[in-house]
Amino acid sequence: MNTGINSGDTAWILISTALVMLMTPAVGFFYAGMVRKKNVLSTLTMSFVLLALVSVQWVVIGYTLSFGPDMGGIIGSLKWAGLTAVGQTPNASYAATIPHLAFMIFQMMFAAITVALIVGSVVERMKFSAFLIFSLLWATLVYDPIAHWVWGVGGWLRQLGALDFAGGTVVHVNAGISALALVLVLGKRKGYGKDNMEPHNIPHVVLGAALLWFGWFGFNGGSALAANGLATSAFVVTNVAAAAAALTWILLAWRERKPSALGFATGAVVGLVAITPASGYVTPLAAIAIGAIAATCSYYAIKLRMRLRVDESLDVLGCHGVGGMVGAVLTGVFASTAVNAAGANGLLYGNPKLVLIQAAAVSVTLVYGFTVTWVLAKVIDKTIGLRVTEKEEDVGLDMSQHAETAYALR
Amino acid sequence: MNTGINSGDTAWILISTALVMLMTPAVGFFYAGMVRKKNVLSTLTMSFVLLALVSVQWVVIGYTLSFGPDMGGIIGSLKWAGLTAVGQTPNASYAATIPHLAFMIFQMMFAAITVALIVGSVVERMKFSAFLIFSLLWATLVYDPIAHWVWGVGGWLRQLGALDFAGGTVVHVNAGISALALVLVLGKRKGYGKDNMEPHNIPHVVLGAALLWFGWFGFNGGSALAANGLATSAFVVTNVAAAAAALTWILLAWRERKPSALGFATGAVVGLVAITPASGYVTPLAAIAIGAIAATCSYYAIKLRMRLRVDESLDVLGCHGVGGMVGAVLTGVFASTAVNAAGANGLLYGNPKLVLIQAAAVSVTLVYGFTVTWVLAKVIDKTIGLRVTEKEEDVGLDMSQHAETAYALR
Amino acid sequence: MNTGINSGDTAWILISTALVMLMTPAVGFFYAGMVRKKNVLSTLTMSFVLLALVSVQWVVIGYTLSFGPDMGGIIGSLKWAGLTAVGQTPNASYAATIPHLAFMIFQMMFAAITVALIVGSVVERMKFSAFLIFSLLWATLVYDPIAHWVWGVGGWLRQLGALDFAGGTVVHVNAGISALALVLVLGKRKGYGKDNMEPHNIPHVVLGAALLWFGWFGFNGGSALAANGLATSAFVVTNVAAAAAALTWILLAWRERKPSALGFATGAVVGLVAITPASGYVTPLAAIAIGAIAATCSYYAIKLRMRLRVDESLDVLGCHGVGGMVGAVLTGVFASTAVNAAGANGLLYGNPKLVLIQAAAVSVTLVYGFTVTWVLAKVIDKTIGLRVTEKEEDVGLDMSQHAETAYALR
Amino acid sequence: MKKIEAIIRPEKLDAVKEALEAKGHHSMTVYDVEGRGRQKGIQLEWRVGTYNVEFLPKIKMEIICADDACQMIIDTICAAAETGEVGDGKIFVSEIQNVVRIRTKESGKTAV
Amino acid sequence: MKKIEAIIRPEKLDAVKEALEAKGHHSMTVYDVEGRGRQKGIQLEWRVGTYNVEFLPKIKMEIICADDACQMIIDTICAAAETGEVGDGKIFVSEIQNVVRIRTKESGKTAV
Amino acid sequence: MKKIEAIIRPEKLDAVKEALEAKGHHSMTVYDVEGRGRQKGIQLEWRVGTYNVEFLPKIKMEIICADDACQMIIDTICAAAETGEVGDGKIFVSEIQNVVRIRTKESGKTAV
Ligand SMILES: Nc1ncnc2c1ncn2[C@@H]1O[C@H](COP(=O)(O)OP(=O)(O)O)[C@@H](O)[C@H]1O
Ligand SMILES: Nc1ncnc2c1ncn2[C@@H]1O[C@H](COP(=O)(O)OP(=O)(O)O)[C@@H](O)[C@H]1O
Ligand SMILES: Nc1ncnc2c1ncn2[C@@H]1O[C@H](COP(=O)(O)OP(=O)(O)O)[C@@H](O)[C@H]1O
């Protein structure tokens, strides 16, 4: 009955999918802890709703655009719309030993979390309706094409030989640059740089970070699409890079003042981001280096962003964009066919060209992601408007968008 | 050594069991966020304690009553009491490729969560001691028999051909109707409809919903009892139905006022409930329909309940009962042997009879669950009393039942 | 390519590793809920940071010291430093069907959580810098050697025939006794026994306990290093012992006053601890006995500790030390080769000698753990100092060590 | 004008609010406080045994009213907040010199 | 000396603080309260339908000041806290007999 | 009768409570507030760099007492709450016209 299905691989991909699913609400808690009390539910809901929204979009059209039969290297055809022909038997081009549906839903969770990452930049001021429309369009017009280019059979970046094991460019660089584009249209929060904008609940941030770390084992480990040595290797380097980055971050902060919980959590996430593209190609020692370098770059990038007074509020670009770029480029440095025969050697193993290919893939994502997002944001802004009114912003989005308050006094 | 044990299937059932275990404290957080601050720990503890209580009950007697050698289609014999003869080798009648103990503990978690669902109806006023006694009796006299009828080898509803992949009737309809019966005896909360009964911490509700969604992959996916195409299919439709229901719910609310976080979380859970009986038999597109229909029914059912001023406090019947019924009946509509050869075709595939069988299984559960629960509740009420005193209710159950307060000021 | 790798076993060990990883932040929440509001982030960070710190230590030197080629039964050589020779193919001496890296990272998580357990004794007063240095040294000088003795190929306690399935002595007895030694040097909290030291957020404690219970399935179930009957058996007894212990605890408390959420959560953890060494060797009924006995011992041990006015603040010794000792000794009583042919029979099955061997292994751990920790603590105290200043303690460690406050008012 | 500060049991808030409402008084400001008085602390459950909490949760209700409404309000609160056990709370009365309604800038009695 | 107690909308805190700062007044104490007044309760979303919340979140600001600064402070608060809609809040003024600075034990006007 | 409102450092609550207890004064009501005064805001750690918090956590303690106990209580609080650094807080004293004990309806001095 199970034509070629391996139960161990299937178990691993299913549980990995569940782990990645958890990351979407987890990123909600990670972000919600950093906003003011009046915007907690808004932030949580903006993340969590994407799991719902993108799940339906993916079934209807997203999966076929991203992974459906290739049309000119650019996009998938509509042949798999509504999951027609996507069933319980494997699709060998993507994963020969698990049901095609398992590959489909694993990828679905990637699409959902990617959109959810963008939330971090627009918290505390974006209209819920506009956000839903933006997300639907962004998933369809930005995420799906890029996913096709990098991972789809026939996708042009894949042909080029770019390595992106679990989504450094597709997910993180993409979300980071799009977050910037969106925020440039949306504008700063009222009172930014003047009013008190304290993180209201840092334990929520820590909870989010813990669940993200946990979920990331599925994100990277699952990207091997089998429960084998490669999955294990990806799992190991994921953990080690997160560890190295978190330690690096608190040491950088300590040099200047104090090592904070917020910094620790941020560093961990940056490490997880940075190892994502590299996770199927590098050794544990390389992972330590990648984590440490990415944390340093991200740390100073956020410093710069703050000095420029851009209210890219929770640093999606600074964490995910920068982390993803550093990771993608360092994949070009540290990749080794000793880890993954199906990969390639990087600079350190005598193949400097890989760095260029990686940089090219990053650049394409930056340009495409920024441009399309900016246009999308402008169009929505001119039509239904991106932002809540000033008064709604004052009162808070929990009340104005959802008619709720997160915490009652009794 | 492992006679016929498949490691992939075993890994999947073990992790699924862990996922379902997490649902019991998760439902505690889901509920606890909706009560007043003075009843938080009471609500959390009432849920979580059932994991402990039912685990021991299940080992001693519950498993053998539910799944032990059949006696007349009605109940299991006591041959497997204390797990005698339940060991590391598979029991082929239930699951041929995993240890019998794995099947046993997977089912244990279902029994625990089912009782925990009922908590939602009695929060803020039921005596902890009475609740423990009720739960023990209910698990033994209501859950175990119904589980035997539907899932036990030789169970009479199973013979009838009723389809209940992961517990739409056994778990959800059963918990929902029993919650109603219990509450009719227990009575309303003091001040219901007059005093302020704001949900005290909606992030807790969101956390609970996120963990429930996560855990439900084990609930439904694990019910395939193997890591195969069917498990994958169940996993996929679970996610999709939850997504569709959550979106439907916030759209319904939006038409009237605002889309709330509380509504989103509720909708997601209703979708998860509704797909439960259907999850091994339907396609992803059918799952979208099931989610959307169930959310609509549940939405209006709760409206009705509120208009009737019945204090079935957190709508166990409205969410789980209604969701379960809709799901069970729609299984009769959408089931397809193309998804699961061991299932049956439903109305849409030319077999209207299945709808009737499904409705019959639901009705039996409604009648049995309601009657026995009502009698149980009456007996406990007349003997030790179901309710705390008025003063204890005023002060809150955290203080009066547990001598604790959930949050200290410093 | 996968020489002898079993995908089901690998899937199980990877997910078990992820589950154990989650336990480190989980223990952070478990502890953080019990401290005052001014020390929440300090407590959370002290736990979570160990995941990062020990992960790097383990890659560099910890794994090779613990599991590397044996030197005289005492310690591993440095041959596997930096994970040299630890790759994707199995190491048959440890686990023949999973990648060596999978075994490595599974064990890494054990090292991390063990150090994190100690946090409970020193909360609200230990300097963050001193804590990091202590942890690094303790992991290297205490944990790694003991892990080698008990689990390393050639380790002398392993040769002796001591049974410790998942770390009763290595992890729990070790952490418990070391916590005591550390606290004897560190001293009481200012105002201990006089000032108000209410647990500030009991839902955090419940969340921590729920995630610990969830993660423990990986801890014990994963210790079978395969997805088979033994893993299932370990999984089952883990759940049952936790259940029995939690129930026992609230019954003990109820006899005296009230059954609290805090007591329930504590009891559950003690049950999980106690079954840890026994989990691969005993039946579910024995697990009920072990859980109930351990809960009782631990309950009265903590009572005694409080009467002695030792500020071993969150009872690492009382919960983990006592639970681990009871579990280790009862393994000697209840172990049966019917459960695990590779184990041994205990007292009840005609082999009283096993009790002595178990007691010996416990004693060695007590003596070694206490002595080395005490010396370590003294050295750090005399050099950089273990404790924050009195003023820093007054203001709280969140502010003084991390320049943060956990919760903002708005 | 007078300021009435009533410290009451948290569980009595709804009853007091409704009693005042019934007497036609609607406006008030409330907040959570902790108090010590004749009522000794309470024992709460620790993991094992108990610990003592000396500050008990109370609610403070502040009402600004015209001089002639003062006694009625005090009586109403007393009646609704009483249980007869230690810890029922206290009412403090003081003088307010002026009241300003921010919205309209009215001041004095008409602003109450 | 006077005590000014202003009950304002939470979202106006920053504006009021800055307005006072601009007028040279820096010191104050604030806390969260809940209030009822002319403003009717608000309807919040339940899972289905809504429920009514009668106590609305407000912030109470307390300022002790010299008699002659009092009117200026009141005016500044009124100007900054006003939206013109019901619920803007109120200001209560009362007499303070003495002020002591804990650090220096100064008392009276110099301690304000 | 007098009302003493003391704004103190949160970490000094236990010390002040014990000092008053030692002097025989037991009753009080406390709550969390945030304050600004001479003490400048503090810098807290953000993910990178810091942000400024202008309102600092303080505790407000309210004690109603007979006129003759007033000075003793003020002195005791001052002694126990002082650190000598900016931010130690202030004490405000005002007049209370009446006190009512809800439980017994006693009023005036005997109710304090
Ligand atoms: N002298 C006081 N100063 C300030 N608050 C007081 C004073 N006396 C009582 N309170 C407040 O009133 C509450 C109830 O007082 P208590 O003496 O316990 O009860 P009762 O008035 O019934 O004897 C206390 O918890 C405290 O908040
Ligand atoms: N008499 C009063 N006593 C105590 N607090 C009051 C009183 N009147 C108003 N308040 C406080 O002022 C707030 C605003 O009052 P409200 O009547 O709603 O607005 P407005 O003053 O704009 O008409 C209330 O929420 C309440 O906290
Ligand atoms: N004029 C005032 N009005 C209201 N509260 C004040 C006033 N002055 C000081 N406070 C309160 O007292 C606290 C301590 O005052 P601060 O000036 O910082 O310290 P110090 O009194 O030691 O100079 C402040 O945080 C504030 O809560």
Side-chain angles (χ1 to χ4, degrees), chain A residues 6-12 15-16 19 36-38 97 196 198-203 206-207 209-211 213-215 217-218 221 226-233 235-236 239-240 242-247 250 254 257-265 267-268 283-285 287-288 339 341, chain C residues 1-2 5-15 17-19 21-22 24-26 28-29 32 40-42 44-45 48-49 51-56 59-60 82-83 86-89 98-99 101-102 104-105 108-109 128-129 201 204 207 227 398 401-410:
Chain A
N6 176 304
S7 63
D9 294 345
T10 302
W12 177 236
I15 186 62
S16 290
L19 290 173
R36 287 166 288 176
K37 237 179 194 167
K38 60 185 176 184
T97 60
N196 181 26
E198 243 181 304
H200 93 288
N201 191 320
I202 300 183
V206 174
L207 177 65
L211 293 178
W213 191 323
F214 177 61
F217 290 131
N228 55 16
L230 183 60
T232 305
S233 177
F235 189 115
V236 168
N239 188 69
V240 171
L247 291 178
I250 58 172
W254 216 334
R257 269 180 61 97
K258 301 251 173 172
S260 67
L262 211 50
F264 179 82
T283 65
L285 290 179
I288 293 182
V339 172
Chain C
M1 185 186 109
N2 288 339
I5 288 180
N6 176 304
S7 64
D9 293 346
T10 303
W12 177 237
I13 298 314
L14 291 184
I15 186 61
T17 304
L19 290 174
M21 171 260 145
L22 194 58
T24 294
F29 277 94
V40 178
L41 295 177
S42 156
L44 278 174
T45 308
F48 203 178
V49 76
L51 180 59
L53 190 70
V54 175
S55 286
V56 173
V59 166
V60 175
L83 302 185
V86 179
Q88 296 184 22
T89 47
I98 60 172
L101 278 171
M104 183 283 299
I105 195 162
M108 177 197 283
M109 297 308 171
F128 189 56
S129 56
N201 192 320
H204 278 176
L207 177 65
D398 288 5
Q401 303 299 293
H402 305 287
E404 287 178 301
T405 48
Y407 311 103
L409 265 178
R410 57 190 66 91

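Chain A is the first sequence line, chain B the second, and so forth, proteins listed ahead of strands; every chain is numbered from 1. We use all heavy atoms of the structure for the numbers below, so side chains are in, but hydrogens, waters and symmetry mates are not.
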Pick one of side chain, backbone, both or neither for [X], based on which atoms fall under 4.5 Å of a heavy atom in chain C.
| X | value |
| --- | --- |
| Phe214(A) | both |
| Asn6(A) | side chain |
| Ala242(A) | neither |
| Ala341(A) | neither |
| Leu207(A) | both |
| Ile250(A) | side chain |
| Ala231(A) | both |

Which answer fits [X], side chain, backbone, both or neither, if we ask what part of it has an atom under 4.5 Å from a heavy atom of chain A?
| X | value |
| --- | --- |
| Ile105(C) | side chain |
| Thr45(C) | side chain |
| Leu101(C) | both |
| Ser129(C) | both |
| Thr17(C) | both |

Got [X] and [Y] here, is their nearest side-chain heavy-atom distance under 4.5 Å?
| X | Y | result |
| --- | --- | --- |
| Leu22(C) | Leu211(A) | yes |
| Phe264(A) | Val49(C) | yes |
| Gln88(C) | Val339(A) | yes |
| Trp213(A) | Asn239(A) | yes |
| Thr405(C) | Leu41(C) | no |
| Thr232(A) | Ile5(C) | no |
| Val59(C) | Val56(C) | no |

Among [options], single out the residue with the greatest number of heavy-atom pairs under 4.5 Å to chain A.
| options | value |
| --- | --- |
| Ala403(C), Ala406(C), Ser55(C) | Ala406(C) |
| Asn201(C), Asp9(C), Leu51(C), Asp398(C) | Leu51(C) |
| Leu83(C), Val54(C), Leu53(C) | Leu53(C) |
| Ile13(C), Val60(C), Ile15(C), Ile98(C) | Ile15(C) |
| Ala11(C), Gly8(C), Pro25(C), Gly28(C) | Ala11(C) |

* Asked: Is there a donor-acceptor pair closer than 3.5 Å between any side-chain N or O of Gln401(C) and the backbone N or O of Ser42(C)?
  ->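 No, the answer is negative, given that no donor and acceptor are paired below the 3.5 Å cut-off.
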* To do: Taking Lys38(A) for its side chain and Arg410(C) for its backbone only, find out whether a donor-acceptor pair lies under 3.5 Å.
  =>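 Side chain of Lys38(A) to backbone of Arg410(C), a donor-acceptor pair under 3.5 Å: no, none is there.
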* Asked: Top residue by heavy-atom pair count (under 4.5 Å) with chain C, among Ile288(A), Ile202(A), Val240(A)?
  ->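 Of Ile288(A), Ile202(A), Val240(A), Ile202(A) has the most heavy-atom pairs under 4.5 Å with chain C.
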* **For chain C, the option from Val236(A), Leu285(A), Thr283(A) that forms the most heavy-atom pairs under 4.5 Å** =>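 Answer, by heavy-atom pair count under 4.5 Å with chain C: Val236(A).
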* Mutual orientation of the aromatic rings belonging to Phe128(C) and His402(C) [parallel < 30°, tilted 30-60°, perpendicular > 60°] ->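 Ring orientation of Phe128(C) relative to His402(C): perpendicular.
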* To do: Evaluate the ring planes of Trp12(A) and Phe235(A), with Trp represented by its six-membered ring, and classify them as parallel (under 30°), tilted (30 to 60°) or perpendicular (over 60°).
  =>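 If you compare the ring of Trp12(A) with that of Phe235(A), the planes turn out tilted.
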* Closest heavy-atom pair and its distance - Ala32(C), Leu44(C) ->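 Scanning both residues completely, I find the closest heavy atoms to be CB-CG, 3.8 Å.
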